[in-house]
S.K.: 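Here it is: the structure, laid out below.
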Amino acid sequence: MSVPPAPAPLAPPPPAGSRRPLRRSALGRYAGLIAAIFLAGFLAVFALVLTTVSTYTERRIVEGLAADLAGLEEVWRAGGTAALTATLVGRPAGSGRIHLVIGADGERLAGDFAAWPNDLGTSGDTLAFTDALGRSWSGLTRAVAGGPTLLAAHDRSEHEALMRGLVGDLALPIVVALVAALAAGVAVGRWLLGRVERVNRTARAVEAGDLSARVAGAEADDEFGALAANFNAALDRIAALMAGVHRLSEQIAHETRTPLARLRARLERARRDCAVDPAAAPAAFDAAIAESAELIAVFSALLDIARAEASAGDARGLAPVDLAEVVATVVDLYEAVAEDRGINFAVTTRPAVVLGEAMLLTRLVANLVDNALKFSPEGGRVEIDLAVAGETVRLCVRDHGPGMPEGFEAIAFERFARASEAAGTPGHGLGLGLVRAVALRHGMPLALERAEPGLRVALTARLAGGTSV
Amino acid sequence: MQVLIIEDDAVMAAHVADLLAGRDAVCEVVGDGREGLARAAARPFDLIVTDRMLPGLEGLDVVERLRALEVETPVLVLSALGLPRDKVEGLTRGADDYLAKPFADDELIARVAALMRRARKEPHPEVMVIGSIEIRIKARTVHRAGRHIALSPKEFELLRCLAEHAGRFVPRSLLLERVWNLRFDPQTNVVDVHVSRLRGKLDEGFAEPAIVTARGEGYRLVADPR
C-alpha cells in the first residue's frame, strides 16, 4: 500500500533580519558594485597607459628606421653598391639593427639576411617578423629609384620588455586598489545597513505588539536621522489615533447605554401599558420610536464626525463655496427660532469664496449658530461676522451667554463633552465635535475665545484661488 | 403598482413589501444584485427599491447598468450608507431618491409617493387647491376661503411642498431637502418653528387647523371642507 508523501512542512518564513547570504543582501550587492566600478576604472586607465606607451615607442622605432634608410640611400647615391656594402659591414654587430639590400632582380647585394622576407612589399612597408632564433623584429623597406631596395629591421625585444615591465608595475596597484574598494564598499554598506537595521528592528518590535518602540538616532542631522524621526513621528501619530479610537469606543459604549436603557424601558412600559389599555399602544410606541430616533441621531453624528475626520486633508470633493451664502442659508433657517426667543441676529458678511464641501460647511455654521442660540439668554444677541483680510477669511459666531466654565476649552470639541451647566439644555454633546471634525477636514483652524460675556468661536480659512471676489 | 425590491435582508425586504402593499403595490423581492438587474431589465416595473451592499452586484451598479440599458424605472435606494456623500453618489449614479437606513416608515411612504407622482409626469398645476386653500404657483399667492394670506418666500415653499403631498405625511428631512436644500438634520428643530409660523398664518381665524404635526417627525396638510 502506497502512502502518499506527507506534505512538506511549511518552511518557516525567512527572518526579516540582518543575516542573509551576501549576494542577496543589499550590503553584498553594493560592495560588489563599488568594486566592479573601481575595477572597470582601473582597467580603463591601465589600457590607456599601455596603448599610449606602446604607440609612442612603436613610432620612435619606425622613425629611427626611416632615418636609417634615408642615410643608406645617401650612401648609395654617393658611392654606389660598394659604398653601401662597406657601410653595412662596418656597422658594429649587436646594435639591435639588421639590414638587407637587394638588387633590381631581387638578388641579395648585401646585409644580414639570407633572403627577402615573404609577404613584404618593396617600398614604404612596415612589417613585424620573427627570425630563426625566435627574436621579433620591426622592419621598414625603401626602394631607391634606379637602385637597390633596402630593408632595415629593429629588434623589438627592448620594446617588449618595457611593456612587460609596465604591466608588472601597474598590476600590483590595481589589485591593491581593488581590495581597498571592496573593503570600503563593505564598510560603508555595513554602516548604512546598520542605520537601516535600526528602523527595521523598530518596525519588527511594533509588529510584534510593542507600539512604544521608537528608532534610536532620530536626533542625527542627516538623512538617516530624518528617516528615524519621520518613522517615529508616524508611530506617534498611529499611537495617538489608537488612543483616540480606544477612547471613542469607550465613550460610545458609555454614551449609548443611556439611550438604549431608556429605549428598553419605554418598550417594557409599552408592553405593560398595552396589557392594561390597548388604546395606549400608539402613544407608547411613538415614545419608543422617538427614543430610537434619538439613538440613531447620535450614531449618525458619530459617523459624520468619523467620516469628516477621515477625509481630513483630502482635496477631492472640495469645490469653491461662498461662506457668505452658507451664512445666509443658516441665518434664514434659524432666524425664526431666534425671533421666537427674542434673540437678535447681528450679521455682517461679505463674499468669501473658500474651497470646501458646501454641505459640511453649512452644517458647521448651523451647529455654531445652534449652539450660540442654545446658550443665549432670552432677548440676547448672536453676532455672526464674516470678514476678509488679505487672503484670510475669518468667520466668528459670538453669543452673550454664560460662556465656558473654567477649563472647558480643552475638552469643548471632544465628543460628548458638555459643560455641567448645560445639563438642562437639549443636545448630545456632539455638535462642536462635528464642528471640529469639519474644520479639521478643511484644514481650517478653529478657536474658542472668551468674549466676556459669552463665547466666540472663530474659524479661519483661506480664500480660494487667493483672490477676493 | 408593480414594485421590485432588491434587498438581501429578508426582514427588511418583508417590511418594505408590507409598507408598500399598504399602498396597493404588488412587490417582487430578490436578494441578489445580478438577479435584480435581470428582472428589472426583463419586464417593466413602476418602481425599484434597492439596497446597496448586495451579493452579486452593488445596488448602484445595478442602477447604473439599468440606466445604460435605457430602463428609466424610478429607483429608490435604501441603504445603511447614509452620509451626505453617499447620497450624492447615489443620485449622481442614476437613482431618483436615496433614503438612509434606519428610516421612518412614513418617510419611505412619502418618498415613494413623491417618486410616483414625478414618474407620472403630472404637469405642475398653476393653481393647487387643497380644501379651502388655493395656491397660485406663478403669482406666489395663497388664499384660504377667499382671504389672501401673506407668506414669506420660505413659508410659501414649505406650503407648496406640503400641498404636493396633501393629505400625506411629509417628514422634516424632506422639507429641509426641498425648501432649504439641506441634507442633514439641524440639532434644534428649526423646521418646527417655520411650520408653526406658517400654521399661524394659515389658521388665523379658522377653526380647523390646516397643518397637523404627525408623530413628532413630520407634518401633514389636511384638506378641510370649504
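Scope of the values below: all heavy atoms of this structure, side chains included, with no hydrogens, waters or symmetry mates. We name chains A, B, ... by the order of the sequence lines, and we start the count at 1 in each one.
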S.K.: Heavy-atom pairs under 4.5 Å with chain B: which of L303(A), D332(A), L373(A) has the most?
M.R.: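 Heavy-atom pair counts peak at D332(A).
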S.K.: Using heavy-atom distances under 4.5 Å, tell me whether I296(A) contacts chain B through its side chain, its backbone, both, or neither.
M.R.: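 For I296(A), the side chain is the part near chain B, not the backbone.
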S.K.: Side chain, backbone, both or neither: which part of A283(A) has an atom under 4.5 Å from a heavy atom of chain B?
M.R.: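 No part of A283(A) comes within 4.5 Å of chain B.
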S.K.: For the atom pair CG (L434(A)) and CZ (F184(B)), what is the distance rounded to the nearest 0.5 Å?
M.R.: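 Taking CG in L434(A) and CZ in F184(B), the distance rounds to 9.0 Å.
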S.K.: Would you indicate whether E204(B), at its atom CD, is surrounded by more than 12 heavy atoms from other residues, nucleotides or ligands within a distance under 6.0 Å?
M.R.: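 Atom CD in E204(B) is not crowded, with 12 or fewer foreign heavy atoms closer than 6.0 Å.
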S.K.: Can you give me the closest heavy-atom contact between R197(B) and A336(A), atom names plus distance?
M.R.: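 The pair with the smallest heavy-atom distance is NH2-O, 3.4 Å.
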S.K.: Is it the case that over 12 heavy atoms from other parts of the model lie below 6.0 angstrom from the CZ atom of R140(B)?
M.R.: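 Yes - once you tally the heavy atoms of other residues, nucleotides and ligands closer than 6.0 Å, there are more than 12.
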S.K.: Taking L176(B), V88(B), D86(B) one by one, which has the highest count of heavy-atom pairs under 4.5 Å against chain A?
M.R.: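 The answer is D86(B).
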S.K.: Find the distance between CG (D192(B)) and CG (D340(A)) and round it off to the nearest 0.5 Å.
M.R.: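 Here the rounded value is 10.5 Å.
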S.K.: What residue in E339(A), E335(A), R363(A), E357(A) has the most heavy-atom pairs under 4.5 Å with chain B?
M.R.: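 Ranked by contacts with chain B, first place is R363(A).
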S.K.: Find the distance between NE2 (H194(B)) and CG (L333(A)) and round it off to the nearest 0.5 Å.
M.R.: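 Separation between the atoms: 5.0 Å.
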S.K.: Contact part of N371(A) toward chain B, heavy-atom cut-off under 4.5 Å: side chain, backbone, both or neither?
M.R.: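 Neither; nothing under 4.5 Å.
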S.K.: Can you tell me which residue among V330(A), V337(A), V369(A), D370(A) is in a side-chain contact (heavy atoms from CB on, under 4.5 Å) with V190(B)?
M.R.: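 It is V337(A), the one option of V330(A), V337(A), V369(A), D370(A) that forms the side-chain contact (heavy atoms from CB on, under 4.5 Å) with V190(B).
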